[in-house]
Every structure is written in structure tokens, then in C-alpha cells.
Amino acid sequence: AQEAGDASHSQQASAQGKGTEEIPASEVVAVYLLGGQSNMQGSGQVAELPEAVRETELHSFFWNGESFEPLVIGKTKTSANVKRFGPEVGLSLTFDRDSAGYLIKYHASGMPLHQGWNGNKWEGPGPGPQRRNFYPGENDDDPNCGTLYRAMVQRFQAGLQHLRDSGKTPEVKGFLWMQGEQDAKHQESASRYAVSLKRLRDRVADDLNLERLPLVFGQVLPHEPALPRFTYRAEIRQSMAAADADSGKDEAIPHAKMVSTDGMPLLKDTVHYNAEGQLQ
């Protein structure tokens, strides 16, 4: 229908001797994808934010599953409830009126990336069907693709398609990933985290038909000493550092950057970030 309308418009303009008019290009909007587990969900308390931050007008729009709504701190549900927030607030503070960001976020608290996990139960090291994890599989038809990965990509796809249907052209700027605590509980998933992370980034890019997808991820478990349940904390932090594009290691992922979380304030559980830490 659009093509027919464009052709008719062109013919009418030519008949009037005015030539073919250019069809206005759709608005290009910057999209940021966010995914991960509890530190992506967000544990920061809105009430603990500085008043100046709480009252800041954010130039970002948050995908709620049906539409992109303006992100308003304390009103927009970006976490488990409107009283909490995740990294989307700190990210949104970097936008201005001329560079508004459209955010699509998916989170699943306590969930793993490595194919060997099924929720909090280790069944690996090989993959298996219908496991509750973010394992993306090797291709679109892989029956072992994790249920969380499928749900995350479907949410990304839905948000992007909504923008297209609204006459906008989405330009995906990057993928922010906050996850790894569950993978730190087994040697295989911890020591091979960089491999898992590269597969994840590449598969998301493939499923969204993106030629290039920059990745930013936070390094997990910055505290000392590690809690007993995170048996392979040192291994996963080492693997994460190796995944950075500038690490010089064989595991380095092109266009990927690790953000050190050392020194970012945590809750008393020493796993999740408080308001200040989450903002950072």
C-alpha cells in the first residue's frame, strides 16, 4: 500500500510539472538494549536518590511491553516495582533533548547464562532443551536455546517493531549486560564466561539483523571476601576481564567493554548495588 501511494504521489507531481517530490525520511531514534539478572532488574531505592536526581527530567523512553513511555523516576516501572531502579536511570542521565534514548530492558533475577544451568540447578556441561537460562544456542533453529534468551530477544524485537510501526527508524546503539553471579557458582560456567558472552552478543545481533552490536558489561562480585556460594568468583572475574576488547587476550570480544564495579557501593548482602552504586 505504501509503495502504491508513493507511486501515485510521484505521478501526480510529474503531471503538474513539479517533478518527483522526495518522501520525508522517518525519524532515526537511538535504542539501547538492556539485559541480565538481579543487578539489571535493579535494587536501588528511589527514595535514597538525591532529590536533584529524583526531580531530573529524563530524556528517555522505556518500553513497557506495549509502548514507549517517558521514563519518570518513581513512576515508571523499570524494576520489580516503581520504588526500585536499575542501570537505566544512570544511563538516562547521559541523554539530552537532542539525543533521547529508547530503552528496551529484560531481566530475570538469579538466572544463568551458561548452557549447563537450568535455573539454579547445574545439568551441564552440555546444553539441553527447555532450560531456564540465557543460553542463545548456536543458530535460530537450535532446540537447546534457553527459554530466557528467547523471551529477551522477543521483547527486543517487539520494541523495535513498535518503533518501525510508529514511523521511526530504530538505530541500536548497544547492548548493556549485567549478569554473572549465578555462573560464578560452577567452574565450567565461570571459567568459560567470555566464550558464553561472545556467543550471546553475536546471537542477539543475528536475531535482530544487526551488522554491529557494541557490548558493555559490568564485572560482577567486586567485594572481598567472596560469599561462600560464589565458589568461582575469581575465575569469572578473570574471564570477564579477558572478554574486554582491549584485554589482549585470546578471549577478547571485538566492540565489547567491561566496566569495573570495584568501589561501587553495595547493599549489606555485598552482591546488589544500593542507590548510589546502581546509579553509577
Side-chain angles (χ1 to χ4, degrees), residues 1-7 9 22-37 40-42 58-72 75-80 86-89 91-92 94-95 97-108 111 113 130 132-179 197 199-217 255:
Q2 182 64 47
E3 292 176 355
D6 293 343
H9 177 78
E22 292 186 3
I23 302 171
S26 61
E27 178 189 2
V28 177
V29 294
V31 178
Y32 297 83
L33 310 175
L34 297 84
Q37 55 180 99
M40 173 55 69
Q41 174 179 293
L58 300 179
H59 302 289
S60 62
F61 299 87
F62 191 85
W63 175 245
N64 61 23
E66 296 182 357
S67 64
F68 282 91
E69 61 176 292
L71 201 167
V72 180
K75 293 184 178 181
T76 304
K77 184 181 178 181
T78 66
S79 183
E88 66 281 346
V89 172
L91 176 59
S92 295
T94 69
F95 305 142
R97 292 185 183 277
D98 297 324
S99 62
Y102 287 72
L103 311 181
I104 310 175
K105 171 176 166 177
Y106 181 87
H107 56 81
M111 291 294 105
L113 171 58
Q130 294 301 308
R132 186 170 169 77
N133 57 38
F134 283 102
Y135 174 63
E138 298 294 341
N139 53 58
D140 293 342
D141 300 321
D142 192 335
N144 296 321
C145 179
T147 58
L148 298 178
Y149 175 79
R150 292 191 185 280
M152 180 175 70
V153 167
Q154 288 172 1
R155 188 171 182 85
F156 291 166
Q157 291 171 331
L160 292 172
Q161 189 58 49
H162 179 84
L163 289 171
R164 297 187 190 101
D165 293 342
S166 301
K168 295 179 173 59
T169 299
E171 182 178 298
V172 178
K173 295 291 188 179
F175 180 28
L176 171 59
W177 181 250
M178 289 293 293
Q179 191 274 342
L197 193 58
R199 182 189 293 116
L200 174 71
R201 195 280 304 273
D202 292 349
R203 288 288 296 116
V204 170
D206 287 344
D207 279 336
L208 300 182
N209 297 314
L210 303 173
E211 293 183 3
R212 182 175 180 270
L213 180 59
L215 169 70
V216 174
F217 60 98
H255 311 302

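Note that this is a predicted model, so its numbers are computed, not measured.
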Could you grab the distance from atom CH2 of W177 to atom CG of L34, nearest 0.5 Å is fine?
11.0 Å
Can you tell which of L200, T147, D142 makes a side chain to side chain contact (heavy atoms under 4.5 Å, CB included) with Y135?
D142
Least distance between heavy atoms, S79 atom then G42 atom
OG-O, 3.0 Å
According to side-chain contact (heavy atoms from CB on, under 4.5 Å), who are the partners of Q37, at least two apart in sequence or on a separate chain?
Q179, E181, Q182
Run the side-chain contact (heavy atoms from CB on, under 4.5 Å) test against D98 and tell me which residues pass, sequence neighbours left out.
D96
Rounded to the nearest 0.5 Å, what's the gap from CD on Q41 to NE2 on H107? Could you check?
5.0 Å
Contacts satisfying salt bridge (charged side-chain N to carboxylate O under 4.0 Å, His left out) that involve residues 201-215 (not counting sequence neighbours) are D140-R203, K198-D202, R203-D207
Residue K168 excluded, over 12 heavy atoms near NZ under 6.0 Å
yes
Taken to the nearest 0.5 Å, the spacing of M152 CE from M111 CE works out to 14.0 Å
Please list all pairs meeting salt bridge (charged side-chain N to carboxylate O under 4.0 Å, His left out) that have one or both residues in residues 145-164, counting only residues at least two apart or in different chains.
none
Taking all non-hydrogen atoms of both residues, which atom of P136 and which atom of C145 are closest, and how far apart?
O-SG, 3.7 Å
Determine the minimum heavy-atom distance between P87 and L176, stating which atoms define it.
CB-CD2, 4.0 Å
Between L58 and T76, is a side-chain contact (heavy atoms from CB on, under 4.5 Å) present by the stated rule, with each step listed?
CA-CA 11 Å; L58 300 179; T76 304; over 6 Å; no
Report yes if some heavy atom in the side chain of F134 is under 4.5 Å from a heavy atom in the side chain of Y106; otherwise report no.
yes
Once side-chain hydrogen bond (donor to acceptor under 3.5 Å, both in side chains) is applied, do any residues pair with D165, and if so which ones, sequence neighbours excluded?
Q161
Indicate yes or no: at least one non-hydrogen side-chain atom of V204 is less than 4.5 angstrom from one of Y149.
yes
Return the minimal non-hydrogen interatomic distance between G146 and N133, and the atom names on each side.
CA-OD1, 3.2 Å
Enter the distance from E69:CD to L103:CG here, rounded to the nearest 0.5 Å.
11.0 Å
Hey, could you give me the CG/CD distance between N144 and Q130, rounded to the nearest 0.5 Å?
9.5 Å
Search all heavy atoms of S60 against all heavy atoms of S92 and return the closest pair with its distance.
OG-OG, 2.9 Å
Tell me, please, which residues at least two apart from H162 pass ring pair (Phe, Tyr, Trp, His ring centres under 6.0 Å).
W63
Can you tell which of F62, Y32, F68 makes a ring-ring contact (aromatic ring centres under 6.0 Å, His included) with Y102?
F68
Start with the C-alpha distance between L197 and L215, add both sets of side-chain angles, then the distance that settles side-chain contact (heavy atoms from CB on, under 4.5 Å), and finish with yes or no.
CA-CA 10 Å; L197 193 58; L215 169 70; 3.8 Å; yes
Any side-chain heavy atom of L148 within less than 4.5 Å of one from R132?
yes
Distance from L163 atom CG to I104 atom CD1, nearest 0.5 Å?
6.5 Å
Is there a side-chain contact between K173 and P214, using heavy atoms and a 4.5 Å cut-off?
no
